[in-house]
Amino acid sequence: MGKNEKTGLGRALVKHHNQMIQQSKEKGRSYRNKKVLESVTDVSNIDAVIDQGEEAELLLAADRSRPDLPIRLDSGSSTSGMTPEKRREEQKKEEALHASSLRVPRRPPWSPSMSVEELDANERQAFLVWRRNLARLEENEKLVLTPFEKNLDIWRQLWRVVERSDLLVMVVDARDPLFYQCADLEAYAQETDKYKRTLLLVNKADLLPFSVREKWAKFFHLHEILFVFWSAKAASAELEGKKLADPWKKQNNSQEEKDDPSTKLYGREELLMRLQFEAEEIAKLRRESGSSSTGPSNGHSAAGGPVVVGFIGYPNVGKSSTINALVGQKRTGVTSTPGKTKHFQTLIISDELTLCDCPGLVFPSFSSSRQEMIACGVLPIDRMTEHREAVQVVANRVPRRVIENVYNISLPKPKPYEPQDRPPLASEFLRAYCASRGYVASSGLPDETRAARQILKDYIDGKLPHYEMPPGMGDEGCYDGDAAEPSLSEVAESKSSDIENPPDNEDESENGLVLDDLSSFDVANGLSSKKVTVKKSNASHKHHRKPQRKKDRSWRVGNDDGDGMPVIRVFQKPANAGPVMAG
Ligand SMILES: Nc1nc2c(ncn2[C@@H]2O[C@H](COP(=O)(O)OP(=O)(O)OP(=O)(O)O)[C@@H](O)[C@H]2O)c(=O)[nH]1
């Protein structure tokens, strides 16, 4: 191709980029300085390509100045020519070898006396070294690294929440808790302060039968994991005086369930009390040890203020739903599209308890394919390019007869020469679904893309029931036998009685409970003379359905005088007289 010949795509990308710069200038903000906080797990547009190019240069420069590479590279042996089983075995070995390299990026040491520029430069440098190490892992042909969060500003949100929290709550999806657990986060939290602890909040537990909860409880006890089963959806329903339909009602022995503290679903008040208790224990230990290791950022409980509980987790696990249920009214947007929460929020529950909601983060991990990440709700369905592969994940995990019952379709039986228990092929599933729904594309062929999107949405929302069993505890009691199958009429019922809110424009929600970062920081540090109290509202009128709107947050970047870190703050636009009483 000649030098002056440009491809249509190239021209379109450059045009888009120039348009963005123009728009940003008009809005009086710097586009290139990335004032808008966006999650970056893939390089999908020209801006990210340019940013990555710049980063690559910095990475190279960092490499030149520091030739000591902490990660051992690929041994050189190629995986081509291996059988799939052998390749998988090699991959497992390599994953175990490099498991310790899958770290959460650490914030470099800092002090309030540092200038913003110095802090910024240190953090960028440390982040690039982290990126470089992961890039080196990606070069290893035997390893598959999943798409992970690459935007430093999102990790900065995590650093901040980790530093200021006493207790960290890792929210996970009950259907596959280990997929969403990040073990290194606990290690990182303890590096910042040895008294910090992590609690696994096993959300969406309404989607698990009691027998499976029991097994997971056993597993967590065995591995000394602090955990609580919870359902933000059930708690929100209760706030409205409703009861969530239990798809596993027939199997669940409600009395047994209620009696056992390990397996029961916590209620809203119980969870708040438990979180406060755990966080106060940590603060007490810290005080008793006379530790000053809390650092400048953990001044809340150290100064005798409220204990702080930070909520962290992958996108779409239900952090916002949990916060909304705990607060008792809608404060953060809830949608089934991952990655909607872009900035951490501080919520003052009482004089003793403050909650902090961190944006969803895709932690680096091995092995999960892009399709698995989409099926787990971590990457948006919009990013699906290979719809058959994504639907195959669903077909492999949901038993054939459950699929047939939920959708009232008949899947083709395996051929006589095939294993009779093989999962349905994605193509069989999609065609049967399209035929039953009359989904036809303009080409006249079955509209598999449309069907795939619907199937994945149902899978993520729990309308197609599925769950993983704890490692080593087998699949018995799972789907084998009728005993553990959901009562499908209940599944259908829960569809129609969906009590969740569509995402709302936050500006329209009641004002006041969420403080902007600065004021909450000031209040917590006694810098504000104003006492902030929360008036509990009658939530029932706030959980009504509204047309779907995009979240609208006002963004500002500045330097927080408190800890010197450049942060993006959320300022809630004033709405009507809200429930916060300043007095
Ligand atoms: N069945 C069930 N669904 C839930 C529960 N909690 C949340 N969800 C659903 O999960 C989806 C994601 O919930 P969010 O609260 O927006 O998740 P998030 O972790 O804040 O997501 P990000 O903003 O992407 O970080 C929504 O469709 C919720 O309705 C639960 O306890 N049970």
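Index from 1, following the sequence. What you see is a predicted model; the values in this text were computed from it and never measured. Just so you know, ligand 1 is whichever comes first in the structure, and atom 1 is the first atom listed for that ligand.
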Considering all heavy atoms of both residues, which atom of Lys196 and which atom of Glu163 are nearest to each other, and what is their separation?
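Heavy atoms of Lys196 and Glu163 come nearest at NZ-O, 3.0 Å.
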Which atom names give the shortest non-hydrogen contact between Tyr433 and Ala451, and what distance separates them?
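Nearest heavy atoms, Tyr433 then Ala451: CD2-CB, 3.5 Å.
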By number and element, which atoms of ligand 1 are closer than 4.0 Å to a non-hydrogen atom of [X]?
X: Ser321; value: 6 (N), 7 (C), 13 (O), 14 (P), 15 (O), 28 (C)
X: Asp206; value: 1 (N), 2 (C), 30 (C), 31 (O), 32 (N)
X: Pro315; value: 24 (O), 25 (O)
X: Leu207; value: 1 (N)
X: Gly360; value: 25 (O)

Full working for salt bridge (charged side-chain N to carboxylate O under 4.0 Å, His left out) between Arg397 and Glu372:
CA-CA 11 Å; Arg397 292 187 187 167; Glu372 281 169 320; 3.7 Å; yes
N/O of [X] under 3.5 Å from N/O of ligand 1, yes or no?
X: Val317; result: yes
X: Thr322; result: no
X: Asn203; result: yes
X: Gly318; result: yes

For the residue pair [X] and [Y], would you count it as a cation-pi contact if the rule is NZ or CZ under 6.0 angstrom from the ring centre and within 45 degrees of the ring axis?
X: Arg268; Y: Tyr266; value: no
X: Lys150; Y: Phe148; value: yes
X: Arg175; Y: Tyr467; value: no

Return the option from Ser320, Pro380, Gly313, Ala235 holding the heavy atom at the smallest distance from atom 20 (O) of ligand 1.
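The option holding the nearest heavy atom is Ser320.
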For atom 25 (O) of ligand 1, which of the options Lys319, Lys204, Lys457 provides the nearest non-hydrogen atom?
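That would be Lys319.
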Donor-acceptor contact present, side-chain Lys319 to main-chain Tyr314, <3.5 Å
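Checking the backbone N and O of Tyr314 against the side chain of Lys319, a donor-acceptor pair under 3.5 Å is found.
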Reference residue Val202; test side chain to side chain contact (heavy atoms under 4.5 Å, CB included); the match among Trp230, Trp216, Phe229:
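Among Trp230, Trp216, Phe229, the one meeting side chain to side chain contact (heavy atoms under 4.5 Å, CB included) with Val202 is Phe229.
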